[in-house]
Every structure is written in C-alpha cells, then in structure tokens.
2 protein chains.
Amino acid sequence: MTADGRTPPAPGPRKRADARRNRERLLAAARETFAEEGPDASLNEIARRAGVGPGTLYRHFPTRQALQSAVLADRIARLRAQADDLTATASPHEALTTWLHAFLAHARGDHGLTGSLLTAPLDPGFDCHAAIREAAENVLSRAQHAGTARPDVSADDLIRLTVGIALSTGQGDADPARPDRLLALVLDAVRTPPGLKHTPDPT
Amino acid sequence: MTADGRTPPAPGPRKRADARRNRERLLAAARETFAEEGPDASLNEIARRAGVGPGTLYRHFPTRQALQSAVLADRIARLRAQADDLTATASPHEALTTWLHAFLAHARGDHGLTGSLLTAPLDPGFDCHAAIREAAENVLSRAQHAGTARPDVSADDLIRLTVGIALSTGQGDADPARPDRLLALVLDAVRTPPGLKHTPDPT
DNA sequence: ACCTGAACACCGTTCAAGT
DNA sequence: ACCTGAACACCGTTCAAGT
C-alpha cells in the first residue's frame with residue numbers, strides 16, 4: 001500500500017480508451033449486482049450486464065475481492081474523510097461514537113460486502129482494511145489521549161467488534177434497533193477503565 | 001419446536017433399514033466435509049463421499065440448512081447441558097462468563113458452520129437457535145437476578161455479540177488471543193450497570 | 001417406500017483466436 | 001494491447017425409472 005493510503009497505482013488515463021470504458025462499465029454493473037444479490041453475486045452475470053465477455057472482467061479484476069474492493073473504494077474514502085471532519089468538529093468521545101455508528105451503518109447497508117471483505121484475507125491491491133483502520137485509529141487514539149477510551153483496546157479490536165455486530169445482526173431481525181444498541185453496549189465497555197468495578201479498593 | 005427443545009420427531013427406528021443407514025452415512029460425510037471445506041462445501045461431494053446419489057441426500061435433508069442443523073445438533077445439546085452444569089456448580093457470574101467463552105470456542109471451531117446457521121433465517125426443523133438461546137437465557141437470567149449482569153441485555157444480544165466476534169475474527173489473525181479478549185471486553189460492559197460513569201451523582 | 005443417476009441450467013475460470 | 005466468446009469442469013437441484 002502507498003504511504004498515505006490512497007488507491008495505489010492511480011488508474012490514470014494511460015490506458016486505451018476502450019479499456020477505461022470497460023472498467024467503468026464493469027464497476028457500475030458490479031455496484032448494481034452486488035447491491036441486489038450480495039457479495040456472492042455471479043461474476044458472469046456482472047460481465048453480462050456490463051456488455052462484456054467474462055475474460056474482460058478477469059483482465060480488469062483478477063479476483064472477486066479485487067472487484068469488491070474497487071466497488072467499495074470511494075465509500076471507504078468517504079468514511080476516512082468523515083473521521084477527519086469529526087476530529088476537527090466534535091469532542092473526542094463524540095467523534096469516536098459517531099464514527100463507529102456510521103461505520104456500522106455502512107457495513108450493514110451493503111448486503112455484507114464490507115463484512116465479507118474485512119473478514120477475508122487481505123487484498124494487496126486497494127487495501128480497504130488499512131484505510132478503515134487508519135480512520136478508526138484517528139478517532140480512537142484521540143479519545144484515548146483524552147482519557148475517554150481505555151488504552152488496552154486497539155483500532156482493529158473496534159473494527160472487528162463492529163463488523164461482527166453487522167454480520168451477526170441480519171436484516172431480518174425482529175428488533176431493528178438491536179445493532180446500534182449492541183454497539184452502544186460495546187462503547188460503554190470501551191469507555192470504562194478496565195477492572196474498575198472488580199477492584200473497589202485502589203490500594 | 002417441542003416444549004423441551006429436544007429434536008422434535010425423534011428419528012426412531014420406524015424407517016426402512018437402508019434409509020436409516022443412508023442417513024447416518026450422509027451425516028458422517030457431511031461432518032467430515034463441512035469440517036474440511038466449511039459450510040459452503042459441495043452437497044454433491046457429500047453425497048459422493050457417503051456413497052449415495054444426490055437425490056438421496058435431498059430426500060433426507062431437503063435443504064442445506066437442514067443438513068447443517070443435523071450435523072450440529074449433538075454439539076448444541078452438549079452446550080445446553082454445560083449451561084445446566086454451570087448453573088449448578090459455579091457462581092452466577094462465573095457461569096455466564098465460562099459458558100459464553102465455551103460458546104465462542106464452539107462457534108470458532110467449525111469453520112463458520114454455527115455462525116452461518118445462526119445468521120441465516122431460522123430453520124423450522126431442528127431449531128438450533130432456540131436451543132442455544134435457552135442455554136444462554138439460563139446462565140444470563142441467573143446472573144441478572146444476582147445483580148452481576150445489567151438487566152437491559154437479552155440472551156439474543158449476547159448470542160449475537162459472541163457470534164459476531166466469531167465471524168469477524170478469522171482464523172488467520174495475527175493475534176490469536178483477540179477473540180477471547182474481545183468477549184471479555186463485552187462481558188465488562190454486561191457487568192457494568194448502564195450509565196454508571198455517565199452520571200457520577202446519583203441524585 | 002426408498003434409491004439411483006442422468007439431465008438441466010448455471011457457475012467460475014481459462015485461453016485460443018481475433019482486432 | 002485489449003477484447004471475445006467458446007470451452008471445461010463443476011455446482012445445485014429435479015425427476016423419471018428402477019427395486
């Protein structure tokens with residue numbers, strides 16, 4: 001990954017015009033199809049919708065994960081930007097809370113795309129895991145320095161807990177408020193100094 | 001489901017001998033194959049390993065979930081029994097903690113079988129979701145009555161949080177202690193009275 | 001009453017052949 | 001340099017035909 005975490009090779013205009021057009025068509029078709037059928041949608045179907053042969057899809061995106069990453073890239077960039085904004089405008093604790101809830105909504109809103117991508121082994125192309133971790137580290141370390149988040153929790157921990165909530169609360173739940181409630185519970189623990197109530201005597 | 005949560009129709013010896021034998025062979029093959037290749041393993045492959053035609057598999061287990069449930073049934077029964085044991089032998093808080101860690105280990109140990117089953121919509125056959133919930137309610141309500149678990153959390157909440165941790169911490173993690181650490185964090189929150197540190201003055 | 005296994009429509013992936 | 005699309009091995013699922 002590049003030092004600043006942006007999309008590495010910057011798919012500049014150095015390619016043939018038809019190649020660029022096909023890439024764009026494939027991305028649009030993938031966005032549509034993943035949204036409708038989830039992260040396991042048929043790749044042949046995506047190629048078909050893009051008006052392109054299967055081989056062309058594989059040439060542009062050698063693996064299903066590569067295609068999924070590309071589809072998510074801009075949404076993840078937005079999450080990163082939001083973390084920066086919150087750092088500038090909200091209190092440390094508010095920023096942490098708000099950003100994690102936004103991330104949860106994001107992970108729940110894409111039929112499991114983010115979840116499946118963050119669960120699987122990393123993709124060397126666009127490393128969306130790293131980008132999200134930087135955003136999480138941004139808001140978390142600020143809260144830790146302010147003393148409103150316990151120091152023994154990592155950005156990765158928070159991401160995994162949140163993704164876990166997103167994955168385990170399917171959209172068919174009787175209680176639509178459950179995901180946010182569970183995240184709030186987790187955040188309670190993050191705010192609490194570890195071992196506070198286990199050792200009432202500090203001596 | 002039956003009132004006591006046992007496997008409902010009790011697949012008694014009322015069937016033809018070859019049918020029973022095939023059922024057993026299919027279950028064994030499924031156990032093997034799911035363990036090796038995860039919950040999405042090929043059903044044809046399972047039938048092949050059982051030395052049986054695909055149609056026979058479908059006759060015994062009309063859906064993939066039905067087969068998965070049958071494979072897990074006895075392991076889930078053991079988890080229920082363990083909850084009963086803990087209730088009799090350990091303190092309320094210890095019982096809750098120990099059982100949830102056991103459940104987490106179980107959910108992490110089967111290549112995601114439990115996770116995929118608890119995430120998907122319920123199966124009317126053997127309802128493993130209900131069985132697990134009863135076990136969780138067993139240990140949770142006892143802790144709540146003893147005052148060591150906050151009352152605004154439900155057995156379903158705990159199950160979802162734990163399954164979420166199991167799903168989001170793949171086995172390829174750099175930190176093998178992470179799952180148990182995250183569960184301990186969650187249990188901290190469950191023990192803490194809600195809003196304790198938000199309102200330092202009880203008046 | 002249960003089992004068999006061929007058959008169908010589909011999938012992921014590759015690769016010669018084209019331009 | 002890139003695209004096409006036929007081809008291969010496989011999958012889930014069904015269903016006539018058997019015993």
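All values below were derived from every heavy atom in this structure, side-chain atoms included, with hydrogens, water molecules and symmetry-related copies excluded. Just so we're on the same page: letters track the sequence lines, and every chain starts at 1.
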If I take atom [atom1] in residue [X] and atom [atom2] in nucleotide [N], what distance separates them, rounded to the nearest angstrom?
X       : N     : atom1 : atom2 : result
A:Glu24 : D:dC3 : CD    : P     : 13 Å
B:Asp18 : C:dT4 : CG    : C1'   : 12 Å
A:Arg25 : D:dC3 : CZ    : C1'   : 13 Å
A:Leu26 : D:dC2 : CG    : P     : 14 Å
B:Arg59 : C:dC2 : CZ    : P     : 6 Å
B:Leu57 : C:dT4 : CG    : P     : 11 Å

For a quick check, with a 4.0 angstrom heavy-atom cut-off, what is the B/S/- contact string for nucleotides 6-19 of chain C, read 5' to 3'? -----SBBBB----

Spatial distance of atom CG (A:Leu27) from atom CZ (A:Phe61) [nearest 0.5 Å]: 4.0 Å

A:Ile76 side, atom CD1; A:Ile132 side, atom CD1 - distance, nearest 0.5 Å: 4.0 Å

Do A:Thr114 and A:Asp110 have side-chain atoms, one donor and one acceptor, less than 3.5 Å apart? yes

For residues A:Thr56 and A:Asn22, is any side-chain donor paired with an opposing acceptor at under 3.5 Å? no

Between [Y] and [X], does any NZ, NE, NH1 or NH2 come within less than 4.0 Å of an OD or OE carboxylate oxygen?
X       : Y       : value
B:Glu45 : B:Arg48 : yes
B:Asp74 : B:Arg31 : yes
A:Asp84 : A:Arg80 : no

Take N1-N3 plus N6-O4 or O6-N4 for Watson-Crick, N1-O2 plus O6-N3 for G-U, both under 3.5 Å. Which runs of 3 or more such pairs involve DNA chain C? C:4-8 with D:12-16, C:12-16 with D:4-8

Assess the residue pair B:Arg142 and B:Leu96 against the criterion (side chain to side chain contact (heavy atoms under 4.5 Å, CB included)); give the C-alpha distance rounded to whole Å, side-chain angles, the decisive distance to 0.1 Å, and a yes or no. CA-CA 8 Å; B:Arg142 187 157 160 264; B:Leu96 177 62; over 6 Å; no

Quick check on D:dC2: is either OP1 or OP2 less than 4.0 Å from any side-chain nitrogen or oxygen of A:Asn22? no

Establish, with yes or no, whether the OP1 or OP2 oxygen of C:dC3 is under 4.0 angstrom from a side-chain nitrogen or oxygen of B:His60. yes

A:His111: side-chain hydrogen bond (donor to acceptor under 3.5 Å, both in side chains) partners, not counting sequence neighbours: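 With neighbours one apart ignored, the set is empty.
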
